[in-house]
Amino acid sequence: MIGEGILKGLAETARNFFGSYVNKDRLTTVQFPEERLPQIEATRDFPFLVYDGTDWQQGLRCVSCQICEKECPPKCIYIEKSKDKKPDATGKPQSYPTTFNIDISVCMSCQICVEVCPFDAIKMDVAFELSTDDRFGGLLLNREQLAKSNEYYNKIHPTEAAAVDAAFAEERAKAEAKARQAAEAKAAAAAQTLTPGAGETTRVQ
Amino acid sequence: MSVLTEAPVDLTPSQSDDRTDSQLLEVSMGPQHPSTHGVFRMDVALDGERVVKLKPVFGYLHRNHEKIAETESYLGCMPYTDRLDYICSITNNWAYALAVEKLAGIQVPERAEYLRVITGELTRLQNHAGLVGFLMQDMGASGTPLMYAFREREKILDLFEALTGARMMCNYMRFGGCRVDAPAGWLQQAQKVIDAFPRFLDEFERLLVSNEILMARTQGVGVVSREQAVNAGISGPMARASGVNYDLRKVDKYGIYDRFSFRVPLGENGDVYDRYMLRVLEMRESVEILKQAMRDVPSGPIMDPNTKTRGFRPKAGEAYGRIEGPKGELGFYLISDGSSNPYRFRVRPPSLINLTLLEDMCLGQNVADIVIILGSVDIVLGEVDR
């Protein structure tokens, strides 16, 4: 019979319409600004720089090795390296970026900067409400705008951040153990120099 | 196809036409908004309602992908491949990763192969769901079927977001594996989506498959014969709808596709209806593959430990990696000169090659049919123009 297929289809539409009152699966719309879907943990949009502690200038993990600048496919990162050095998270003296700009109008959120960073200094953000009326200055983020605390990183990507923190703690413990060993060796050497003969040989060696 | 050198459409009526007072009408269809079928234009010459000439004009979305790739590292090309066919980024990644793996002789671990099949088939599901929805939209069933299709597609995109961090620009595959392992609970979540998917297919079939208007609009429209399909080199669902039994998952058995049992649906008439039905049937087969893959997925590493992320330099040589993408045979041809960027990077885009038959399909049809014929080809202009 002509029209049977159309009626069958309409029955399906009706089922969906009335079903949306009882079945939540059929009503998928979310009234956005008032209602929000829960954040999916792996979500990424634009990169930010992680800092430890409370002062972003002191705690910035970036050592301006410029690997991300080289690897970035659309070349949206611009870094200037410092002339002097300051101690990093494990106490080693490292350079720091005097300029670190990311043009997020060019960035394509590919996460390659995060993958290649050996210092876990650059991570992906989840903030997506970034509209601005200044299309040049407003989308060119500098060091201060990019720096976000480790607590923030822990909040947006808990699993990933916990793994990074554990790795850092291990590294720090290793560095401390090494420092302690070095100190002990120094003390031992100092003790040896007190006895004149032994001190001589140490110096020769 | 050289747009600039080709003569403009001749508007003088043909001699065989006995009506001497008639004149052909040239209509420029498109370019439309990229979210429909893309910024694509057709110069159509019409005799009344009938199409007598059709000239596709594309290139509006040209982004110089192949040349940019020659200045990027091998890893840096990966996110650009997402943007070729922006509906199915994961299969694009896969084809490129396969080409580089062939070039450098990299082995992929078991678990990564399974994750590739799972994400790849999910991509096929969401591409075909989106396509049948859009095809109905083109036919004038505005809204309803498209929204039903997008409701399902959304669930798959949520899975992609939980796994890769992005809904569409996944950037998921790496040479020798995948970028991240499935997070805790992801496989269970995916299983739920896959188990629920046949329900959507049943619903969609009840909604439209026996609809008389749909049949009247699509049956016998835009016919591609078997010979034409083979001669034009078209691939994927387009070729299979014309009865060409050519599915790279069966022919090449790339990855681990030889482990799954699935059927390749074939069309008979090669018209728009066959192409539409073929996608629906293919989705059912993809669900079968997914069920088998989800059952067998092993644990283990997801990356080949010998492959470097940074400073990757394959030895000099050339390789062609191809996969059965949702739109057809997607291939990447790479030449390496031993440096860190490809010497030549060439994409074989299924959309572009399937589009070459557009004029043959449209000649003699009505104007309104052009839209659904174009819709049934399943093009994404990001891939056509590159």
Side-chain angles (χ1 to χ4, degrees), chain A residues 1-17 19-20 23 25-30 37-47 65 67-68 70-76 107-118 123-126 128 156-160 163, chain B residues 68-69 71-73 75-80 82-83 136 141 143-145 147-148 150-152 154-155 157-167 169-172 174 179-180 182-186 196 199-200 202-216 309-311 340:
Chain A
M1 192 187 82
I2 279 205
E4 200 186 322
I6 297 175
L7 288 177
K8 249 192 221 164
L10 283 175
E12 202 53 47
T13 325
R15 204 208 310 271
N16 265 285
F17 173 66
S20 69
N23 187 351
D25 272 0
R26 292 201 193 272
L27 189 70
T28 46
T29 315
V30 175
L37 289 172
Q39 182 76 55
I40 294 177
E41 203 189 318
T43 307
R44 61 180 147 94
D45 49 30
F46 295 112
C65 64
I67 289 173
C68 54
K70 279 190 209 96
E71 294 286 334
C72 174
K75 304 272 178 283
C76 69
C107 175
M108 58 179 187
S109 314
C110 64
Q111 212 183 18
I112 282 180
C113 52
V114 177
E115 264 169 77
V116 298
C117 182
K123 293 289 169 193
M124 295 310 271
D125 206 346
V126 294
F128 56 90
I156 58 171
H157 300 305
T159 325
E160 193 190 301
Chain B
I68 287 176
T71 65
E72 290 288 347
S73 66
L75 173 66
C77 297
M78 187 63 90
Y80 283 108
D82 286 342
R83 281 133 180 104
M136 296 305 132
T144 312
M147 286 304 129
Y148 289 3
F150 264 47
R151 187 184 63 200
E152 295 312 305
E154 197 60 35
K155 289 175 191 162
L157 292 187
D158 279 349
L159 282 181
F160 285 168
E161 188 174 354
L163 177 64
T164 70
R167 285 152 43 85
M169 301 296 129
C170 297
N171 187 17
Y172 182 54
R174 287 289 176 269
R179 179 161 55 81
V180 283
W186 188 84
R199 274 226 314 275
F200 156 71
D202 294 341
E203 182 186 275
F204 207 78
E205 282 191 10
R206 278 200 300 276
L207 182 68
L208 281 167
V209 164
S210 57
N211 187 309
E212 286 83 357
I213 303 175
L214 175 89
M215 289 201 238
T309 316
R310 277 182 54 222
S340 61

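Within every chain, numbering begins at 1; the chains are lettered A, B, ... in the order of the sequence lines, protein sequences first and strands thereafter.
- With a threshold of 4.5 angstrom between heavy atoms, A/Ile67 approaches chain B through side-chain atoms but not through N, CA, C or O.
- Counting only N and O atoms by type, the side chains of A/Arg44 and B/Asn171 include no donor and acceptor under 3.5 Å apart.
- Looking at B/Cys170, the atoms closer than 4.5 Å to chain A (heavy atoms on both sides) all sit in the backbone: N, CA, C or O.
- Per-residue heavy-atom pair counts under 4.5 Å with chain A were compared for B/Thr164, B/Ile213, B/Asp82, and the maximum is reached by B/Thr164.
- Ranked by heavy-atom pairs under 4.5 Å with chain B, the list A/Glu41, A/Lys75, A/Glu115, A/Lys70 is led by A/Glu115.
- Here the shortest heavy-atom pairing between B/Ala162 and A/Ala42 reads O-CB, 3.3 Å.
- The two atoms that bring B/Tyr148 and A/Asn16 nearest to each other are OH-CB, 3.1 Å, heavy atoms only.
- Heavy atoms of B/Arg167 lying under 4.5 Å from chain A are absent altogether.
- Looking at A/Gln111 and B/Val180, their side chains never come closer than 4.5 Å, going by heavy atoms from C-beta outward.
- When side chains are defined from C-beta on, B/Tyr80 does not count as touching A/Cys110, because their heavy atoms never get closer than 4.5 Å.
- Here CD1 of A/Ile112 is found 5.5 Å from CZ of B/Arg174. Values are rounded to the nearest 0.5 Å.
- Listed by chain and number, the residues in a side chain to side chain donor-acceptor pair (under 3.5 Å) with A/Asp125 are A/Lys148, A/Tyr152 (sequence neighbours excluded).
- With values rounded to the nearest 0.5 angstrom, A/Thr13 atom OG1 is found 14.0 Å from B/Met147 atom CE.
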Please walk me through it: do B/Glu203 and A/Arg15 pass salt bridge (Lys or Arg N to Asp or Glu O under 4.0 Å)? CA-CA 10 Å; B/Glu203 182 186 275; A/Arg15 204 208 310 271; 5.9 Å; no
